A.B. asks: 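So that we are looking at the same thing, I have put the structure below in structure tokens.
Every number for a ligand or one of its atoms is a count from 1 in the order of the listing. The chain is numbered in sequence order, starting from 1. No experiment lies behind these values; they were computed from the predicted model shown.
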Amino acid sequence: MTDLETIRAELPLLTATPSRWAELAAAHLDRFLADHAVCEQQAALYGLSLVGLYPGDDELVEQMGALAAEEVSHLRRVHHLLRKRGHSISRRRTNVWVQGLRQRIEKAREDVLKVDRLLVGALIEARSCERFSTLLVEIQDSEPEVARLLQDLGPAEKRHWLMFFQLAEREIDADLLQARWQGWLEHEAKLSRRGGIEPTVHG
Ligand SMILES: [Fe+2]
Ligand SMILES: [Fe+2]
């Protein structure tokens, strides 16, 4: 197995990103990085929004606080690299893939709302890890500095999807969680199959 195949096998996702996306992102690397910085900022905000929603859940507050701090450090690192390359962070934009995930959260289902919010976090981290790893293979010889960044960030995102998932595991029965997770994975796969057409992290 190649490194990429190993990473994909360790992630829960049902589909692999098509190689055409990696070629596109490599051809528009600064656009990818500018969007990547926004993703890191949004990841920090998502973690903090969960702290705001569940302030009495001490384990969640501790872990999401740590996650947010780490995402902010990622944001700063991507920003420094962007500046060095003569670019800035993108304006906030609509992330169709993330929007497609968030729209499936059933706000009225109090019994699983927290679980769903955590599973969405897990999916965002897992797919980001898979995308970073896919792009890394494409650019490792031509863009060593960006490759180093992706190499460093990939393992963090891998830790993060598990962090979200393990927080969800505390909330409901294992069988129920598996069924719920399967539904989310299939939904994500459907959204991902429509992607690969923009040089953004989830495009
Ligand atoms: Fe990150
Ligand atoms: Fe992350």
A.B. asks: If you look at every heavy atom in Ala25 and Leu135, which pair is closest and at what distance?
C.D. replies: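 Closest approach of Ala25 to Leu135: CB-CD1, 3.9 Å.
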A.B. asks: With no hydrogens and no angle check, do the side chains of Thr17 and Glu130 hold a donor and an acceptor under 3.5 Å apart?
C.D. replies: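 Judged by distance alone, the side chains do pair up.
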A.B. asks: Do you reckon Trp97 sits in the same ILVMFWY cluster as Leu119, going by side-chain contacts under 4.5 Å, direct or chained?
C.D. replies: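 Yes, because Trp97 and Leu119 connect within a single hydrophobic cluster, where side-chain heavy atoms sit under 4.5 Å apart.
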A.B. asks: Give the intermediate values and the outcome of side chain to side chain contact (heavy atoms under 4.5 Å, CB included) for residues Glu40 and His36.
C.D. replies: CA-CA 6 Å; Glu40 298 292 356; His36 180 177; 2.8 Å; yes
A.B. asks: Would you say Ile105 and Leu191 are hydrophobically clustered, going by side-chain heavy atoms of ILVMFWY under 4.5 Å?
C.D. replies: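 In one cluster with Ile105: Leu191, yes.
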A.B. asks: Are Val98 and Leu185 connected into the same hydrophobic cluster when the rule is that any two of I, L, V, M, F, W, Y join if their side-chain heavy atoms are below 4.5 Å apart?
C.D. replies: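 Yes, because Leu185 and Val98 connect within a single hydrophobic cluster, where side-chain heavy atoms sit under 4.5 Å apart.
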A.B. asks: Do any protein N, O or S atoms sit under 2.8 Å from the Fe ion (ligand 1), and which ones are they?
C.D. replies: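 The answer is Glu40 OE1, Glu71 OE1, His74 ND1, Glu157 OE2.
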